Structures are given as structure tokens and as C-alpha cells.
Amino acid sequence: MSQSDFLYPENPRRRQEVNHLHQQLLDCLSDSFHATNKLIEVLNMHLGCNLASIEMKRDGTIKENCDIIIQAIMKIQTYLQKVDEALKDKLEPTLYRKLQDIKERETDKIAIVQKVISVILGEATSAASAVAVKLVGSNVTTGIINKLVTVLAQIGASLLGSIGVAVLGLGIDMIFRAILGAVEKMQLEAAIKSYEKHLVEFKSASEKYHHAITEVTNTVKHQMK
């Protein structure tokens with residue numbers, strides 16, 4: 001036992017806790033990168049988008065990696081907004097309102113979009129219409145994406161933001177030292193509480209985001225059969 005552990009007997013437990021929380025954060029970040037790249041792939045293939053995939057910056061901080069995902073999502077949202085504006089311009093008002101109506105069947109919404117999507121994209125398939133319905137005509141999906149962006153921004157601005165991602169692959173003692181280097185010792189408990197608070201929201205937002213993107217890809221596969 002080190003002298004600091006003798007003076008602060010809770011340190012070994014805190015090291016284990018910090019390591020566990022770090023790993024959970026890394027898992028959520030990794031899932032969000034993966035889901036975002038799946039979404040980019042679908043948009044590039046079916047909606048004529050031209051977005052580059054994103055990669056986790058292993059030598060960067062948590063904030064830098066949160067910002068990479070946020071920027072990618074903002075580009076996606078900008079493109080989807082253009083598609084939405086085009087649909088609003090090409091469709092009759094009553095038909096456009098049906099796209100926003102949660103009571104309308106998804107198959108009916110796809111049929112509505114199919115009427116004009118080829119005019120918007122030049123050439124389009126039923127899969128493209130399905131993607132547009134899932135991402136443009138769904139306030140639920142939009143809300144899920146917005147929630148993830150909010151949570152990522154909060155994490156980046158928190159005590160955790162300045163901690164390097166690379167330490168996640170190191171030993172417990174190295175992670176503990178990295179945390180102590182990023183925050184004052186007296187703030188360590190606050191940092192742990194910050195992890196716990198943000199992870200609850202991040203896990204929920206990340207899981208919903210991943211589920212929403214999986215729904216989009218599954219719908220595309222169904223349309224292409």
C-alpha cells in the first residue's frame with residue numbers, strides 16, 4: 001500500500017471506480033462514433049450525401065472526441081434540413097403535414113415521399129424515400145439526435161472534457177494519475193460524481209441514438225428486398 005493509500009484508504013476503491021467509469025464512457029463514445037458512421041453511410045448511399053466518416057482521436061481529449069461527433073451530426077442535420085425544405089416545397093401542404101403526423105402509417109409516408117423524391121435527388125429509390133421518412137419525417141428521431149448532441153456538449157464542458165482519451169487503455173494507476181493531473185485532488189470526488197451523472201444521460205442517449213440508426217438501416221434493407 002502506498003503512503004497516499006495509507007493516508008487515504010478509499011483511494012484503491014476510487015481507482016477501481018474511475019477505471020470502470022472511464023471504460024463505460026469509452027464504450028458510449030465508441031458506440032456513438034459507430035452509429036454516426038452507419039448513418040453517414042446510409043445518407044451517402046441513398047440520399048446523395050457526400051459526408052466523410054469520422055474516427056475517434058486516440059491522442060485527443062474527451063471534449064475533442066465529443067466535438068468530432070457533434071460536428072458530424074450538425075453536418076447531417078444541415079443536409080436533412082435541405083431535404084425537408086425541398087419536400088415542403090414540392091409536396092402539397094396537406095401531404096407534407098401527413099409526414100409530420102405520428103398517426104400516419106410509415107408505409108403511407110414512404111408513398112408520399114416517393115412522389116417527389118426523384119425530383120429532389122435526380123434519381124431515387126424506395127429506400128431513399130424510407131430514409132427520408134425516418135430521418136426527416138420523424139420528430140422522434142430528430143429529438144433523439146438533438147438529445148445526444150446536448151449530452152455530448154455537456155460532457156465536453158464538464159470536468160471530464162480535458163481528460164485524454166488515450167488514458168482509457170492504460171492501467172488503473174495511470175488513469176488515476178491522469179485524472180489527478182486534470183483536476184485538483186479535492187475535486188476528484190466531484191469528477192467521479194460528474195462521470196456518474198453524465199454517464200446516466202450519455203448511456204440513455206447513446207442507446208436510443210444507436211437504436212434509431214439501426215431502425216433506419218433495417219428499413220432500408222427491407223425496402224431493398
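When a residue number appears, it is its place in the shown sequence, counting from 1. These numbers were taken from a predicted model, which means no experiment stands behind them.
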Practice task
Could you list the residues that satisfy salt bridge (Lys or Arg N to Asp or Glu O under 4.0 Å) with D27, not counting sequence neighbours?
Solution key: none

Practice task
Run the numbers on L29 and I69 for side-chain contact (heavy atoms from CB on, under 4.5 Å), then give the verdict.
Solution key: CA-CA 9 Å; L29 270 175; I69 300 172; 4.0 Å; yes

Practice task
Kindly check if the number of other-residue, nucleotide or ligand heavy atoms within 6.0 Å of CD (Q100) is above 12?
Solution key: yes

Practice task
To the nearest 0.5 Å, tell me how far M56 CE sits from S32 OG.
Solution key: 8.5 Å

Problem - Beyond-backbone contact of K90 with K115, side-chain heavy atoms, under 4.5 angstrom - result: no

Exercise for the section: Give a yes or no on this: more than 12 heavy atoms of other residues, nucleotides or ligands lie within 6.0 Å of atom CD of E201. Expected result: yes

Practice task
May I ask you to check whether over 12 heavy atoms, not counting those of K38, lie within 6.0 Å of atom NZ?
Solution key: yes

Handout entry: Straight-line distance of E104 CD to I112 CD1, nearest 0.5 Å
Key = 6.0 Å

Problem - Salt bridge present between D67 and K63 (N-O < 4.0 angstrom) - result: yes

Handout entry: Side chain proximity check, L99 to L91, heavy atoms < 4.5 angstrom
Key = yes

Problem - Heavy-atom closest pair, residues S126 and Q114 - result: CA-OE1, 3.3 Å

Handout entry: Contact check, side chains of L80 and L43, non-hydrogen atoms, under 4.5 Å
Key = yes

Problem - Between CD1 on residue I144 and CD1 on residue I213, distance to nearest 0.5 Å - result: 8.5 Å

Handout entry: V151 side chain near H198 side chain, heavy-atom distance below 4.5 Å
Key = no

Handout entry: No-hydrogen, no-angle side-chain donor-acceptor test under 3.5 Å, E207 and H211
Key = no

Completion exercise
Output for pair (H46 NE2, T217 OG1), nearest 0.5 Å, gives 9.5 Å

Exercise for the section: Would you confirm whether S30, through its side chain, and L26, through its main-chain N or O, come within 3.5 Å as a donor-acceptor pair? Expected result: no

Practice task
Output yes when a side-chain donor or acceptor of K147 lies under 3.5 Å from a complementary backbone atom of A205, and no otherwise.
Solution key: no

Problem - Spatial distance of atom CD1 (I68) from atom CD1 (I73) [nearest 0.5 Å] - result: 12.0 Å

Completion exercise
When rounded to the nearest 0.5 Å, the distance separating SG of C28 from CZ of F33 is 13.0 Å

Problem - Side-chain (T141) to main-chain (K134) donor-acceptor, under 3.5 angstrom - result: yes

Handout entry: Test item: T78 side-chain N/O and M74 main-chain N/O as donor-acceptor pair under 3.5 Å
Key = yes

Practice task
State, with a plain yes or no, whether a side-chain heavy atom of F202 is found less than 4.5 Å away from one of I155.
Solution key: yes

Exercise for the section: Write down the atom of V131, the atom of V220, and the distance for their closest heavy-atom approach. Expected result: CG2-CG2, 3.3 Å

Practice task
Return the minimal non-hydrogen interatomic distance between E64 and T61, and the atom names on each side.
Solution key: OE1-N, 2.7 Å

Practice task
Indicate whether the side chain of Q77 and that of N146 have a donor and an acceptor atom separated by less than 3.5 Å.
Solution key: yes

Fill in the blank from the handout: Of V149, T36, L148, the one forming a side-chain contact (heavy atoms from CB on, under 4.5 Å) with I70 is V149

Exercise for the section: Can you see which heavy atom on I40 is nearest to which on S53, and at what distance? Expected result: CD1-CA, 4.3 Å

Problem - Side-chain H-bond candidate by donor/acceptor type, D84 with Y96, under 3.5 Å - result: yes

Handout entry: Side-chain heavy-atom pair Y209, L39 within 4.5 angstrom cut-off
Key = yes

Exercise for the section: Please check if the side chain of N65 supplies one atom and the backbone of K57 the other of a donor-acceptor pair under 3.5 Å. Expected result: yes

Exercise for the section: Might you work through the side-chain contact (heavy atoms from CB on, under 4.5 Å) test for V133 and E106, ending with a clear yes or no? Expected result: CA-CA 8 Å; V133 167; E106 192 169 278; 4.0 Å; yes

Practice task
May I ask you to test the L47-V42 pair for a side-chain heavy-atom distance under 4.5 Å?
Solution key: no

Practice task
Report yes or no: does S206 contribute a side-chain atom to a donor-acceptor pair with the main-chain N or O of K203 at less than 3.5 Å?
Solution key: no

